[in-house]
Amino acid sequence: MSKITVVGAGKYGSTTVQRLAGADLADEVVMIDIVEGLPQGLALDMNQSRSVERYRTKVIGTNDYVDTAGSDVVVITAGLPRKPGMSRMDLLEVNAKIVKDVTEQIATASPDAVLVIVTNPLDHMTTLAAEVSGFAKARVMGQAGNLDTARFTHFIAERTGADILEVEALTLGSHGATMVPIPSQCWVAGKPLTEVLDAQEIEELVERTRNGGAEIVSLLKTGSAYYAPSAAAAKMVRAVLKDSNEQMPVCAWTGGEYGISDVYLGVPAKVGAGGVTAITELDLTDDELMELRAAAAAVQEKVEELHSLDV
Ligand code: APR
């Protein structure tokens with residue numbers, strides 16, 4: 001059995017902890033936040049649900065990194081969420097300071113951990129965590145693709161009337177304006193999506209997927225999404241702890257795949273005990289490939305901006 005830490009006991013962090021504890025994957029899940037009492041209170045509440053839900057994993061709420069020591073996987077959710085009208089990129093500077101501080105402490109306490117970053121702007125915070133931790137790039141990855149894919153899957157199921165469990169979809173690229181939904185890799189009850197919906201209908205779903213997070217932010221008015229995001233992050237943690245090498249879209253460090261190098265970007269990857277164990281090269285259309293390369297260039301440009309910040 002193993003140890004998981006989730007940094008940030010807000011909406012995203014606490015729902016991730018609850019999903020991971022309920023899955024009985026680890027001996028303990030440590031939840032750490034800067035707000036005193038918050039992780040402790042949530043942990044007490046969650047632990048009291050164990051006998052009802054029938055699982056053993058214990059949740060430890062803390063404000064001290066000593067309690068996170070020796071974690072196998074660490075999920076970093078600390079940071080501000082968007083407000084209505086904001087783009088994820090508007091959070092760059094404020095969240096960079098938080099992610100830098102948190103990563104330094106985590107890297108010291110758990111030098112062998114796999115890091116899963118979810119704080120936005122996602123591709124850039126993943127880059128920053130890799131740089132600050134000094135960990136091998138394969139051990140640092142970001143969660144975006146499982147979430148964007150889940151949103152795309154939901155929209156396809158709603159539009160086609162298909163059973164949600166019979167829809168397969170895929171999104172790659174950045175977790176933002178240059179998200180790249182991949183219609184050529186989408187299936188509805190075994191049929192290619194491109195044979196089920198026309199190009200105009202697919203484009204509408206692609207656009208709604210790209211704006212999937214903003215749509216929820218504007219409805220909630222305060223805070224951003226966390227149910228689907230925490231499900232997506234928990235899936236990555238499970239793959240690491242079970243060493244499943246399951247393939248999923250992950251914000252991973254590229255090394256020439258799809259003609260893209262040296263940038264963190266959403267690509268299909270196998271996830272196991274070492275983090276990203278391989279990046280898979282799917283047969284994308286020329287347009288999809290072009291969009292993916294454009295996404296890489298857009299992330300790279302913002303990474304330069306990140307490097308120019310005084311964080
Ligand atoms: N160390 C630890 N925790 C911190 C720190 C820090 N330095 N700074 C902030 N936090 C905590 C806050 O105290 C809060 O409990 O991070 C938590 C953030 O929780 P929410 O405001 O509820 O935000 P949430 O919806 O969880 O989103 C967190 O994930 O999806 C992204 O865009 C989202 O960047 C945001 C992140």
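Excluded from the calculations below are hydrogen atoms, water molecules and symmetry mates; all remaining heavy atoms, backbone and side chain alike, are included. Read the numbers this way: they start at 1 and go in the same order the structure lists the ligands and their atoms.
- Annotation: atom 18 (C) of ligand 1 to nearest protein heavy atom, Gly79 O, 3.3 Å.
- To the nearest 0.5 Å, the span separating CG on Leu284 from CZ on Arg293 amounts to 9.5 Å.
- Looking only at heavy atoms of the protein, atom 19 (O) of ligand 1 is closest to Gly10 CA, 3.1 Å.
- The backbone N or O of Thr285 sits less than 3.5 Å from a side-chain atom of Glu288, completing a donor-acceptor pair.
- Nearest to atom 32 (O) of ligand 1 among the protein's heavy atoms is Asn120 ND2, 3.0 Å.
- Relative to atom 15 (O) of ligand 1, the option among Asp33, Leu42, Val99 with the closest non-hydrogen atom is Asp33.
- One N or O on the side chain of Arg50 and one on the backbone of Arg56 form a donor-acceptor pair closer than 3.5 Å.
- Residue-to-ligand polar distances place Tyr12 within reach of ligand 1: an N/O pair is separated by less than 3.5 Å.
- A salt bridge links Glu291 with Arg210: at least one charged nitrogen is closer than 4.0 Å to a carboxylate oxygen.
- Within ligand 1, counting atoms from 1 as listed, the ones closer than 4.0 Å to a heavy atom of Asp101 are 7 (N).
- Those atoms of ligand 1 with a heavy atom of Asn95 less than 4.0 angstrom away are 34 (O).
- Near Val102, meaning under 4.0 Å from one of its heavy atoms, ligand 1 places the atoms 1 (N), 6 (C), 7 (N).
- The pair Arg238-Glu246 does not meet the salt-bridge criterion, since no charged nitrogen lies less than 4.0 angstrom from a carboxylate oxygen.
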>> Determine whether Val30 and Ile4 satisfy the following criterion, side chain to side chain contact (heavy atoms under 4.5 Å, CB included), listing intermediate values before the conclusion.
In response: CA-CA 6 Å; Val30 179; Ile4 305 167; over 6 Å; no
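- Contact atoms of ligand 1 toward Pro81: 21 (O), 23 (O), 32 (O), 33 (C), 35 (C) (distance under 4.0 Å to a heavy atom of the residue).
- Looking only at protein heavy atoms, the nearest one to atom 28 (C) of ligand 1 is Thr77 O, 3.0 Å.
- Taking atom 22 (O) of ligand 1 as the reference point, the nearest protein heavy-atom neighbour is Lys11 N, 2.9 Å.
- Ionic pairing of Arg159 and Glu204 is present here: one or more N-O contacts between side-chain nitrogen and carboxylate oxygen are shorter than 4.0 angstrom.
- Within the listing of ligand 1, atoms 13 (O) sit less than 4.0 angstrom from a heavy atom of Val35.
- Here the protein heavy atom with the shortest distance to atom 5 (C) of ligand 1 is Ile34 CG1, 3.5 Å.
- Ligand 1 lies within reach of Leu38, whose nearest heavy atom is under 4.0 Å from it.
- In summary, the side chains of Ser230 and Thr16 do not present any donor paired with an acceptor at a separation below 3.5 Å, with no hydrogens or angles considered.
- Side-chain atoms of His175 and Gln143 include no donor-acceptor pair closer than 3.5 Å.
- Lys58 has no carboxylate O lying under 4.0 Å from a charged side-chain N of Glu28, or vice versa, which leaves the two without a salt bridge.
- Of the listed residues (Leu80, Thr119, Ile98), the one carrying the non-hydrogen atom nearest atom 35 (C) of ligand 1 is Leu80.
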